[in-house]
Structures are given as C-alpha cells and as structure tokens.
Amino acid sequence: MSDIPYTAQIRITELLERDKAQTTELKVFRDGLQIVPSSGTYTLKKPTGSDIVSSGALTIAVSGTASYAHTSSELASTLALGEGYVQEFSLTISGEVFIFRRMCALVLRRLYPTIQDADLTATYSDLESLRPSSLTSYQNYIDDAWYQILRRIKNQGMGYEYLVMSPESFFDAHRHLTLYLIFRDFHSSLSAEGRYMDLSSEHYRLYREEFDQISFTYDQSHDLTADNPDKRTRGRPTIFLSRRGQHYMRRRY
C-alpha cells in the first residue's frame, strides 16, 4: 500500500440540502496537479453509521474531479437534519484504492455570500485595471475569504452557518477580508513601496472589527423561520473582565 499523502480539497463541512437532487464532488491533488483517478465509488453514512448511499458509482471528469449525483429520494425529507453525516470517496489511483472522508450536514438551506467584484471596485475603482491579466475576476479571493468566514463561524461556536437567516450580516466582514487577501497578494507580486502591505493590514484590522460586531437572525429550530425576528444573535459575545461585586457583612457585638 502506497503511503503517498494525497491532498483532498476539503475546505468546509459539505452541506447537502434535504429532499433535493444535487451533485457532490471531490478533487484530489499532489505536487500542485490534480490527480485523475481511474474509477471510484461513493458512500454516504448517517450519524448512526448506517448507509444512505452504499458504494455508488462516481463519475470521473477528464480533469479528475470525482462527482456523485444525489437524487431527491436519497436525501428524503424523513432524514434527520444536522451534522454527523459522513461522505466516503473510494478512489482508485495508480492501481491502488484510497478512501477520503469528509464530514457532511443535511440542511434545509445553504448560506451563500453576498459580495461580488463590483462591491470591491466600488471601494477601489482601480482594482479593475490592477487585476492580473491571468484573471477574469477576483472570484478566487472572494471564495477563499468566504470559506475562512464559514470555518470561523463554526470554530468560534457562533452556531451553524446553514441556520443563519441573514447573509447580509456578513457583507462588510467578507468584503474587508477579500480586500485583505487581494492586497496581501499584490504586496508579494507587485512593487508599490509598501502601499499594498499598508492596505492589506488596514483591511485585516477592519475585517476583525466588523466580524466582532456581526449580528444575525438565526433558525435554531430548523423550520426556515427566525427564532425571533426582532432579536439578533451576536457573532462574538461580550466578555466582562471585571469581577462580580462582593458584599461584606459586618458582625455586631
């Protein structure tokens, strides 16, 4: 058995929308190149360990991307919502079988980003002319920033991103983080006497401030309605560093 550590592109927990036909996919890399498996099968397991899909045939694209098309009946409305589902991609690479696991959640709705290139150029009009000729848009930076935000939502205990009802709550934090990534990259590839590093640092500071102030409506009960439309959930709780006041009793003699 080969011990080559192939890299599966797993950036966040996979989200599958319940009672809906949809395709899930996986890309595998090594030495900067995408690997093209010769064949593969797909298994989706419930949190209890039983199979929903057992060794379903994967479609392998010319590029190497392995995909499986779920039917709506496979992701039936009777299945429990939430985390704990597991995907297994069993891929044959150079004659050997490698199994890549990815955590999965069954949800009613995904959370989608709200910014695009125009939101970036609205802040810096010259970004259009500064964009490298090899790129047609800043989408890669937008996507990378979005995945970072989704991971942070979960890692900091803010809740589950698929239960957030107000995607616009993340607009400013997402824009600042995207601009940070763009200007940081410009600093390493373009000469501007520190200008891009200064802009990068400024937008990272603004991103952290905006993220700490995020508040959103939330669907704790998984029913596509906000728990309380008039109450918003803070992304980062306020922490009081002072001790609770103490009361002393004086004895009388």
Side-chain angles (χ1 to χ4, degrees), residues 7-18 24 26-27 45 47 80-87 100-116 119-120 123 138-185 197 199-244:
T7 297
Q9 188 180 63
I10 300 175
R11 293 178 288 196
I12 57 172
T13 298
E14 178 76 350
L15 301 182
L16 295 176
E17 292 185 89
R18 195 173 68 174
T24 185
L26 186 73
K27 299 178 181 180
K45 295 180 176 292
L81 292 166
E83 308 273 316
Y85 292 83
V86 179
Q87 295 177 318
F100 301 92
R101 284 184 167 184
R102 179 168 63 192
M103 295 303 297
C104 181
L106 199 62
V107 305
L108 292 177
R109 296 290 185 274
R110 296 170 181 264
L111 178 66
Y112 291 102
T114 58
I115 76 165
Q116 56 166 316
D119 298 308
L120 305 176
T123 306
Y138 287 105
Q139 192 63 54
N140 287 341
Y141 300 92
I142 293 172
D143 290 346
D144 189 19
W146 183 242
Y147 288 128
Q148 287 190 42
I149 286 173
L150 292 183
R151 288 193 296 269
R152 189 172 179 185
I153 291 172
K154 187 168 295 184
N155 291 341
Q156 289 196 349
M158 295 168 62
Y160 299 110
E161 73 277 14
Y162 50 85
L163 295 179
V164 174
M165 300 288 290
S166 52
E168 76 284 350
S169 304
F170 298 91
F171 181 92
D172 290 313
H174 189 191
R175 177 159 61 176
H176 285 304
L177 184 57
T178 302
L179 289 169
Y180 156 71
L181 294 174
I182 290 171
F183 289 130
R184 186 183 65 177
D185 193 20
M197 177 55 76
L199 288 171
S200 174
S201 298
E202 175 67 7
H203 282 290
Y204 189 68
R205 180 185 65 80
L206 292 170
Y207 155 68
R208 294 180 63 180
E209 290 179 358
E210 289 291 344
F211 196 93
D212 288 348
Q213 296 175 31
I214 285 173
S215 63
F216 48 82
T217 54
Y218 198 68
D219 174 24
Q220 182 70 48
S221 54
H222 291 264
D223 61 2
L224 298 180
T225 59
D227 296 335
N228 184 342
D230 298 320
K231 181 180 179 181
R232 300 181 73 85
T233 300
R234 280 294 299 272
R236 186 181 181 91
T238 301
I239 299 175
F240 296 97
L241 300 179
S242 58
R243 293 189 305 172
R244 184 176 60 181

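The figures that follow rest on heavy atoms only: side chains count, while hydrogens, waters and symmetry mates do not.
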Indicate yes or no for a side-chain donor-acceptor contact from [X] to the backbone of [Y] under 3.5 Å, with no hydrogens or angles considered.
X: Arg102; Y: Glu14; value: no
X: His203; Y: Thr178; value: no
X: Tyr85; Y: Leu15; value: no
X: Asp119; Y: Gln116; value: yes
X: Arg110; Y: Glu17; value: no

Distance from [X] atom [atom1] to [Y] atom [atom2], nearest 0.5 Å?
X: Gln220; Y: His222; atom1: CD; atom2: NE2; answer: 6.5 Å
X: His174; Y: Phe211; atom1: NE2; atom2: CZ; answer: 11.5 Å
X: Tyr162; Y: Leu108; atom1: OH; atom2: CG; answer: 10.0 Å
X: Ile149; Y: Leu111; atom1: CD1; atom2: CG; answer: 9.5 Å
X: Trp146; Y: Arg11; atom1: CH2; atom2: CZ; answer: 13.5 Å
X: Leu177; Y: Ile182; atom1: CG; atom2: CD1; answer: 10.0 Å

Can you see which heavy atom on [X] is nearest to which on [Y], and at what distance?
X: Thr217; Y: Ala226; answer: CB-CB, 4.2 Å
X: Ala8; Y: Leu26; answer: CB-CD1, 4.2 Å
X: Ser169; Y: Ser215; answer: OG-O, 3.0 Å
X: Cys104; Y: Gln87; answer: CB-CG, 4.0 Å
X: Ile115; Y: Arg175; answer: CD1-CA, 3.8 Å
X: Arg101; Y: Ile10; answer: O-CD1, 3.3 Å

Practice task
State whether the number of non-hydrogen atoms from other residues, nucleotides or ligands found under 6.0 Å of Tyr160 atom OH is greater than 12.
Solution key: no
Is any side-chain heavy atom of [Y] closer than 4.5 Å to one of [X]?
X: Arg208; Y: His176; value: no
X: Asp172; Y: Gln213; value: no
X: Phe100; Y: Gln9; value: no
X: Tyr207; Y: Gln148; value: no

Exercise for the section: Applying side chain to side chain contact (heavy atoms under 4.5 Å, CB included) between Tyr141 and each of Leu179, Asp185, Leu120, report the one that passes. Expected result: Asp185
Exercise for the section: Could you tell me how the ring of Tyr204 sits relative to the ring of Tyr180: parallel (under 30°), tilted (30 to 60°) or perpendicular (over 60°)? Expected result: tilted
Problem - Aromatic plane relationship, Phe216 with Phe170 - under 30° parallel, 30 to 60° tilted, over 60° perpendicular - result: parallel
